[in-house]
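Since the structure comes first, as structure tokens, the remarks are kept for the end.
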Amino acid sequence: MPSPKAKNPGRSGGSPVLGSSNGRYEFMSLTKPLNRSSPPHLLQRQGSDPTTARLRASESPTRRRGSSSSTGSASGQGPSDEDGIRLNPSFIRVALSSLLAIDLWLSKQLGVCACEDSSWGSVRPLMKLIEISGHGIPWLAGTAYCLYKSDSAAGQEVMLNLFMGLMLDLILVTIVKAVVRRRRPAHNRMDMFATFSVDRYSFPSGHSTRAALCGRFLLAHLVLAAPLRVLVMLWAGLVGLSRVLLGRHNVTDVLFGFWMGYCQYNLVEMLWLSPQTLQGLLGQLA
Ligand SMILES: CC(C)=CCC/C(C)=C/CC/C(C)=C/COP(=O)(O)O
């Protein structure tokens, strides 16, 4: 498998701590200020890396202003402590940008069903079927139907809480997507059915949050037989995997989505609507 650094350094490969010279990558010091005598390619590479550039753009205006005015080193007075902090990204920052670079590279490698011409293009219809199985509309419609058809109080209670959980999931995912605004992978073809405008963003994967939430919910309240429990877990995993294979998401979108859906189930349990609570709420409304 080709290395992220070697194949496409301009886009997602390589880490901002690396500088390249004659095709060879060198590590830069994270703790010492970058010397003015450093080879220009090291400085240039820092600025041209898209991930680093994005992180720098998100710095506070004060800090950015500080970087243009602190000319201690640039005017030949030698690097000050402040320059040292400014020029050298913190360890966390470097770790984050490296993780993001690996994420982008890995997601691109795994997007093998992104279109019909992709290496696994023939599996795309199956992946799209899995996608539909984790879509919000079938889940909401199915739960509403079961709620309507259920003739036992226990069944209605479970279905009502699942419905509330699904709505809660939609709201939380919409908020996080609108705040983070991470673009979907470039190789994604936006041919999903019934999407909101916020669904042009990819973090977190809404299908993955739903798969984790519904998976946990089904295991806790509905599915008891062991083979079916395995099937539910397999389905949840496949929904997440299909997001990356279809090129809809990066790996971190799906991992975070699973974690978020898992936590959302805890929230559903905390806010559980019992028949008594429901009667109280309806009584207050009447
Ligand atoms: C009642 C109501 C507001 C239903 C909306 C259901 C709906 C359109 C959900 C969107 C599902 C969707 C396409 C999410 C995107 O999933 P990702 O995994 O691509 O983030």
Side-chain angles (χ1 to χ4, degrees), residues 100 103-104 106-108 110-115 118 120 123-149 156 159-218 232-265 267-268 271 273:
L100 283 178
D103 181 33
L104 290 177
L106 189 62
S107 309
K108 196 173 177 193
L110 291 174
V112 288
C113 306
C115 59
S118 307
W120 286 22
V123 193
R124 191 173 159 81
L126 178 64
M127 291 300 136
K128 291 194 80 170
L129 212 62
I130 297 173
E131 173 175 78
I132 293 169
S133 77
H135 196 286
I137 288 184
W139 271 97
L140 282 166
T143 309
Y145 179 78
C146 291
L147 179 60
Y148 172 70
K149 282 284 174 186
Q156 284 173 357
M159 285 303 142
L160 179 71
N161 281 285
L162 179 56
F163 192 84
M164 302 295 280
L166 287 167
M167 291 305 287
L168 185 78
D169 169 62
L170 275 180
I171 294 168
L172 293 180
V173 168
T174 300
I175 293 172
V176 179
K177 278 190 175 180
V179 169
V180 177
R181 290 168 173 244
R182 185 184 201 189
R183 296 244 163 251
R184 285 189 188 264
H187 55 282
N188 172 46
R189 268 176 46 195
M190 201 57 197
D191 58 352
M192 261 187 293
F193 83 100
T195 53
F196 291 124
S197 63
V198 84
D199 289 323
R200 66 178 180 275
Y201 300 123
S202 76
F203 187 92
S205 156
H207 278 72
S208 304
T209 59
R210 201 158 27 252
L213 168 69
C214 294
R216 266 194 93 186
F217 195 101
L218 294 182
V232 168
M233 286 189 264
L234 213 65
W235 166 78
L238 272 177
V239 167
L241 182 67
S242 70
R243 307 311 289 151
V244 180
L245 297 186
L246 281 169
R248 305 267 193 244
H249 290 280
N250 296 304
V251 175
T252 46
D253 304 333
V254 170
L255 293 181
F256 186 84
F258 276 146
W259 177 78
M260 190 171 156
Y262 189 90
C263 296
Q264 279 173 354
Y265 176 76
L267 206 59
V268 170
L271 305 172
L273 287 175

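A quick note: this is a predicted structure, and the numbers were derived from the prediction, not measured. Counting starts at 1 for both ligands and their atoms, following the listed order. Just so it is clear, the values below take in all heavy atoms, side chains as well, and ignore hydrogens, waters and symmetry mates.
- At most 12 non-hydrogen atoms from other residues, nucleotides or ligands lie less than 6.0 angstrom from CE of Met164.
- Checked against ring pair (Phe, Tyr, Trp, His ring centres under 6.0 Å), Phe193 has the following partners two or more places apart in sequence or in another chain: His135.
- Taking the six-membered ring wherever Trp is involved, the centroid distance between the rings of Trp259 and Phe256 falls below 6.0 Å.
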Nitrogen or oxygen contacts under 3.5 Å, ligand 1 side and protein side:
| unit_1 | atom_1 | unit_2 | atom_2 | d |
| --- | --- | --- | --- | --- |
| ligand 1 | 16 (O) | His207 | ND1 | 2.9 |
| ligand 1 | 18 (O) | Ser205 | OG | 3.2 |
| ligand 1 | 18 (O) | Gly206 | N | 3.1 |
| ligand 1 | 18 (O) | His207 | N | 2.9 |
| ligand 1 | 18 (O) | His207 | ND1 | 2.9 |
| ligand 1 | 18 (O) | Arg243 | NE | 3.2 |
| ligand 1 | 18 (O) | Arg243 | NH2 | 3.3 |
| ligand 1 | 18 (O) | His249 | NE2 | 3.0 |
| ligand 1 | 19 (O) | Arg184 | NH1 | 3.1 |
| ligand 1 | 19 (O) | Arg184 | NH2 | 2.8 |
| ligand 1 | 19 (O) | Arg243 | NH2 | 2.7 |
| ligand 1 | 19 (O) | His249 | NE2 | 3.0 |
| ligand 1 | 20 (O) | Lys177 | NZ | 2.5 |
| ligand 1 | 20 (O) | Gly206 | N | 2.8 |
| ligand 1 | 20 (O) | His249 | NE2 | 3.3 |

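- The shortest distance between side-chain heavy atoms of Thr195 and Arg200 does not fall below 4.5 Å.
- In this structure, the side chains of Val173 and Arg210 stay at 4.5 Å or more apart for every pair of heavy atoms.
- Ionic pairing of Arg182 and Asp253 is present here: one or more N-O contacts between side-chain nitrogen and carboxylate oxygen are shorter than 4.0 angstrom.
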